[in-house]
A.B. asks: 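Sharing a structure with you now.
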Amino acid sequence: MRMRPRSIRSRDTLIAAVLAVLVLGLIAVGIDLGVRSAVKADLLKEIQVDARRASGGVRDGSLPTPIPDETGGRILVQVVGPGGHVLDATSAATGREPVSILWPTAELRVRDFVECRGSWPDRECFVVEAIRATTAPDSVVVYAWEPMPAYLVNGVLEVLFCAIVLALATLVAWITWHVVGRTLGPVEAIRAQLAEISGSDLNRRVPEPPGEDEIAQLARTANATLDRLERAVGRQRQFASDASHELRTPIAGLRANLEDASMHPEDNDLRAVVDSALRDTDRLESIVTDLLLLARIGTGASAEESIDLPRLAEAEIARRTFALKVSTELDGDVMVRGVRMQLVRLLGNLLDNAERYADEVVSVGVTREDRHALLTVTDDGAGIPPQDRERVFERFTRLDSARSRGAGGTGLGLAIAREIAQAHGGTLRVEECTRGARFVLRLPLAAE
């Protein structure tokens with residue numbers, strides 16, 4: 001089984017090092033070949049002058065013996081006969097065997113090549129030019145050669161390039177290790193913070209690095225997810241708290257009535273006990289229904305659609321039977337996007353509230369304001385004091401005896417209405433009016 005580095009930092013460093021070795025290795029091979037080719041060309045250019053001067057002297061019989069050496073022994077020249085005998089040479093090449101046994105033909109009179117002798121570390125290599133003086137069968141051959149630099153023969157150049165490649169690859173790996181480490185530092189901070197967050201401590205958030213890169217977006221997405229999770233958990237906790245608090249009273253009353261009827265059946269009117277139990281059961285059912293609706297609002301469980309808000313308000317008003325006068329002012333073509341049943345419930349809760357506290361008239365209006373749709377429900381009752389205009393949207397809030405359980409409702413209607421408004425990207429507030437209470441819903445208009 002092949003083992004791979006488990007961390008992104010190690011894996012990226014290894015990949016960078018391998019790629020650096022491959023790329024730098026190819027560059028080093030190219031430079032090595034280029035250096036060899038350049039040195040060989042330079043040496044060949046130098047020996048060609050002496051080789052061709054000696055070859056011309058052989059042809060016209062003007063070559064002196066020994067052959068003049070103008071390079072101080074750096075370039076060696078030999079004139080070799082057909083039998084491999086050295087006939088003439090520079091002073092530095094006198095007494096030496098022919099530098100090569102390569103014999104140019106009459107068709108190819110000039111040959112340039114590299115001749116090597118011995119083995120490492122005493123290996124020697126020469127750049128040689130061999131010129132056949134004439135095309136005659138018994139023509140002599142002039143050899144001119146110059147030793148190649150030692151660093152091209154004993155592998156020093158290759159060792160140097162290998163060392164440079166390894167050093168640069170190590171530098172690339174070190175830089176990659178630190179760059180990736182700094183890049184992934186915020187990710188580690190995010191991971192550590194997420195590991196410490198528990199269900200009882202959802203108010204903590206991961207650090208958000210500056211910028212618009214992927215890690216910054218990851219941090220913002222994580223915090224947005226934590227926000228949604230905190231709201232969901234808060235909604236569940238609020239649901240449990242509200243349910244346990246609000247259900248306790250009707251359950252206790254129902255139990256007390258039933259126990260009294262069970263212990264003293266002769267002293268109780270069975271029909272009255274049953275009617276009381278049914279009223280408490282209806283109230284329990286209403287509370288549970290409203291609490292479940294509060295828990296579902298904003299979870300995305302229902303599909304949104306385009307809704308004609310004036311027609312929705314007109315249909316809801318027509319469906320209901322009012323004991324009071326209802327006046328409407330509904331503009332046309334006010335479209336919003338939302339969950340139809342939730343908006344119907346929102347409007348119904350506002351109408352219930354207005355009808356309960358109005359003296360004579362309930363007014364409903366739908367209009368546009370900038371990029372928002374406005375739905376207003378106004379009653380002509382006693383109104384709501386400014387200091388209580390936010391409290392009325394809290395769950396189970398009753399401002400006075402008129403808002404008692406006996407007056408109807410569960411104390412959740414306005415809380416549900418505001419939750420629905422916020423889930424649709426809107427607001428629901430109590431605003432100032434000359435008489436009574438005026439509830440104003442603002443929702444974003446649907447894109448046209």
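Throughout, numbering of the chain's residues begins at 1 and tracks the sequence. It should be emphasised that the depicted structure is a prediction, and the values quoted were computed from it without experimental measurement.
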A.B. asks: Got V128 and D112 here, is their nearest side-chain heavy-atom distance under 4.5 Å?
C.D. replies: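 When only atoms from C-beta onward are counted, D112 and V128 do not touch, as no gap falls below 4.5 Å.
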A.B. asks: Are there over 12 heavy-atom neighbours, none belonging to R255, within less than 6.0 Å of that residue's CZ?
C.D. replies: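 It does not: R255 CZ has 12 such atoms or fewer within range.
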A.B. asks: To the nearest 0.5 Å, what is the distance between CG (L414) and CG (L350)?
C.D. replies: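 One finds 6.5 Å between CG of L414 and CG of L350.
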A.B. asks: Decide yes or no for N353 and F439: does some side-chain heavy atom of the first lie under 4.5 Å from some side-chain heavy atom of the second?
C.D. replies: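 Heavy-atom side-chain distance check passes, below 4.5 Å.
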A.B. asks: Does L33 have more than 12 heavy atoms from other residues, nucleotides or ligands lying within 6.0 Å of its CG?
C.D. replies: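 Yes, because the 6.0 Å sphere around CG of L33 holds more than 12 heavy atoms from other groups.
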A.B. asks: Rounded to the nearest 0.5 Å, how far apart are CG of L309 and CG of L330?
C.D. replies: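 Rounded to the nearest 0.5 Å, the CG-CG separation comes to 8.5 Å.
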A.B. asks: Side chains of T367 and E329: closer than 4.5 Å at any heavy-atom pair?
C.D. replies: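 With C-beta onward as the side chain, the pair stays apart.
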A.B. asks: Looking at every heavy atom in both R74 and P147, which two are closest together, and how far apart are they?
C.D. replies: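 Heavy atoms of R74 and P147 come nearest at O-CD, 3.7 Å.
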A.B. asks: Got more than 12 heavy atoms from elsewhere within 6.0 Å of CZ, R311?
C.D. replies: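 Incorrect, the count does not exceed 12.
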A.B. asks: Can you confirm whether L375 sits close enough to L443 that some side-chain heavy atom of one is under 4.5 Å from a side-chain heavy atom of the other?
C.D. replies: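 Result no, sub-4.5 Å side-chain heavy-atom pair not found.
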A.B. asks: Specify the closest pair of heavy atoms between A144 and I47, including all atoms of both residues, with the distance to one decimal.
C.D. replies: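 The answer is O-CD1, 3.6 Å.
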A.B. asks: Do we see a donor-acceptor contact under 3.5 Å between the side chains of T176 and T13?
C.D. replies: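 There is no such pair between these side chains.
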A.B. asks: If the threshold is 4.0 Å, N to carboxylate O, is there a salt bridge linking D32 and R36?
C.D. replies: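 Salt bridge flag = yes for R36 with D32.
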A.B. asks: Do the side chains of E431 and R442 get close enough for a salt bridge, i.e. N-O under 4.0 angstrom?
C.D. replies: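 A salt bridge links E431 with R442.
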A.B. asks: May I ask you to test the R438-E432 pair for a side-chain heavy-atom distance under 4.5 Å?
C.D. replies: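 In short, these two side chains do not touch, never coming nearer than 4.5 Å.
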A.B. asks: Within the 4.5 Å heavy-atom criterion, are L168 and I164 side-chain neighbours or not?
C.D. replies: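 They are in contact (side-chain heavy atoms under 4.5 Å apart), so the answer is yes.
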A.B. asks: For W177, is there any backbone N or O sitting under 3.5 Å from a side-chain donor or acceptor partner on R9?
C.D. replies: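 Indeed, once roles are kept as given, a pair shorter than 3.5 Å links the two residues.
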A.B. asks: Do the charged groups of D359 and R435 touch, with an N to O distance under 4.0 Å?
C.D. replies: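 Salt bridge: yes.
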A.B. asks: Are T378 and V362 close enough, and set up right, to give a side-chain contact (heavy atoms from CB on, under 4.5 Å), and what steps lead you there?
C.D. replies: CA-CA 6 Å; T378 309; V362 174; over 6 Å; no
A.B. asks: Quick one: pull up CG in L347 and CD1 in I317 and give me the separation to the nearest 0.5 Å.
C.D. replies: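 Going from the CG atom of L347 to the CD1 atom of I317 covers 6.5 Å.
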A.B. asks: Nearest 0.5 Å please: distance from the CD atom of E188 over to the OG1 atom of T183.
C.D. replies: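 Reported to 0.5 Å precision, the distance equals 14.0 Å.
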A.B. asks: Taking the side chain as every heavy atom from C-beta outward, state whether V361 and S327 have any pair of such atoms under 4.5 Å apart.
C.D. replies: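 Answer yes - side chains close enough.
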A.B. asks: Please identify which of these residues, R52, K45, K40, meets the salt bridge (charged side-chain N to carboxylate O under 4.0 Å, His left out) condition with E129.
C.D. replies: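 Exactly one candidate clears the test, R52.
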A.B. asks: Could you go step by step and tell me if V39 and Y151 meet the side-chain contact (heavy atoms from CB on, under 4.5 Å) rule?
C.D. replies: CA-CA 11 Å; V39 171; Y151 63 85; 3.9 Å; yes
A.B. asks: Under the salt bridge (charged side-chain N to carboxylate O under 4.0 Å, His left out) rule, what do R205 and E230 come out as? Steps first, then yes or no, please.
C.D. replies: CA-CA 11 Å; R205 296 294 180 266; E230 184 180 18; 2.5 Å; yes
A.B. asks: Kindly give the heavy-atom pair with the smallest separation between L324 and E360, and that separation in Å.
C.D. replies: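 Minimum heavy-atom contact is CB-O, 3.4 Å.
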A.B. asks: Pair M335, I307 - check side-chain contact (heavy atoms from CB on, under 4.5 Å), show working.
C.D. replies: CA-CA 6 Å; M335 302 295 294; I307 298 172; 5.8 Å; no
A.B. asks: Quick one: pull up CD in E124 and SG in C116 and give me the separation to the nearest 0.5 Å.
C.D. replies: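 These two atoms lie 9.5 Å from each other.
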A.B. asks: Below 4.0 angstrom, N of the basic side chain to O of the carboxylate: do R132 and E107 qualify?
C.D. replies: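 Salt bridge: no.
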A.B. asks: Kindly give the heavy-atom pair with the smallest separation between V114 and C125, and that separation in Å.
C.D. replies: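 Shortest heavy-atom contact: CG1-CB, 4.3 Å.
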A.B. asks: Give the intermediate values and the outcome of side-chain contact (heavy atoms from CB on, under 4.5 Å) for residues W145 and V127.
C.D. replies: CA-CA 5 Å; W145 72 93; V127 177; over 6 Å; no
A.B. asks: Is there a donor-acceptor pair under 3.5 Å between the side chain of Y143 and the backbone N or O of L102?
C.D. replies: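 Yes; judged by distance alone, with no hydrogens or angles, the pair exists.
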A.B. asks: Heavy-atom distance under 4.5 Å between the side chains of P444 and V336, does that happen here?
C.D. replies: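 A side-chain contact under 4.5 Å is absent here.
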A.B. asks: Quick check on E314: does its CD atom have over 12 non-hydrogen neighbours (other residues, nucleotides or ligands) under 6.0 Å away?
C.D. replies: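 No, because the 6.0 Å sphere around CD of E314 holds 12 heavy atoms or fewer from other groups.
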A.B. asks: Please give me the minimum heavy-atom distance between N349 and A417, naming the atom from each residue.
C.D. replies: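 For N349 versus A417, the nearest heavy atoms are ND2-N, 4.2 Å.
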A.B. asks: Out of curiosity, R320 CZ to E355 CD, how far, rounded to the nearest 0.5 Å?
C.D. replies: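 The CZ atom of R320 sits 6.5 Å away from the CD atom of E355.
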A.B. asks: So does R337 have more than 12 non-hydrogen atoms from other groups sitting under 6.0 Å from CZ?
C.D. replies: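 Result for CZ/R337: enclosed.
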A.B. asks: Of all the heavy-atom pairs spanning L351 and V377, show the shortest one and how long it is.
C.D. replies: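 Where L351 meets V377 most closely, the heavy atoms are CD2-CG1, 4.2 Å.
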